[in-house]
Asker: 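I have a structure here, written as structure tokens, and I will follow up with some questions on it.
When a residue number appears, it is its place in the shown sequence, counting from 1. Hydrogens, waters and symmetry mates play no part in the numbers below; they use all other heavy atoms, side chains included.
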Amino acid sequence: MSRSRSFNRFHRYLARQKRRGLRTVLPRFRDDHEVMGSPIDHSKQVLNRLLGQEIKLDLQESEV
């Protein structure tokens, strides 16, 4: 077997071992991942930003 082929095979083997190790560790953190992976509701931030813009416009109109 040539050196580069054995090098590639060895690194594929190491990657496989690493994936197996991660699979055994990850189920403990699966609940945290599901919470972190859930969609974030940005509606409050958008409403607050729009309200702030409306207040700025009202103040500008009242100054004129």
Asker: Which residues pass the side-chain hydrogen bond (donor to acceptor under 3.5 Å, both in side chains) test with Ser4, not counting sequence neighbours?
Answerer: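 With neighbours one apart ignored, the set is empty.
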Asker: Got a sec, which hydrophobics cluster with Leu50, joining ILVMFWY side chains under 4.5 Å apart, including via others?
Answerer: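 Noted: Leu50 shares its cluster with Val46.
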Asker: Using the side-chain contact (heavy atoms from CB on, under 4.5 Å) criterion, which residues pair with Gln45? Sequence neighbours excluded.
Answerer: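 Checked Gln45 against side-chain contact (heavy atoms from CB on, under 4.5 Å); matches are His42.
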Asker: Extract all donor-acceptor atom pairs below 3.5 Å that involve side chains of residues 10-18 and protein atoms in other chains or at least two apart in sequence.
Answerer:
from: Tyr13; atom 1: OH; to: Gln17; atom 2: NE2; distance (Å): 2.8

Asker: With sequence neighbours left out, what residues match Leu57 under side-chain contact (heavy atoms from CB on, under 4.5 Å)?
Answerer: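 Per chain and number, Leu57 pairs via side-chain contact (heavy atoms from CB on, under 4.5 Å) with Gln60.
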Asker: Sequence neighbours left out, what passes side-chain contact (heavy atoms from CB on, under 4.5 Å) with Ile55? Give chain and number order.
Answerer: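 Partners of Ile55 by the side-chain contact (heavy atoms from CB on, under 4.5 Å) criterion, ordered by chain and then number, come out as Leu51, Leu59.
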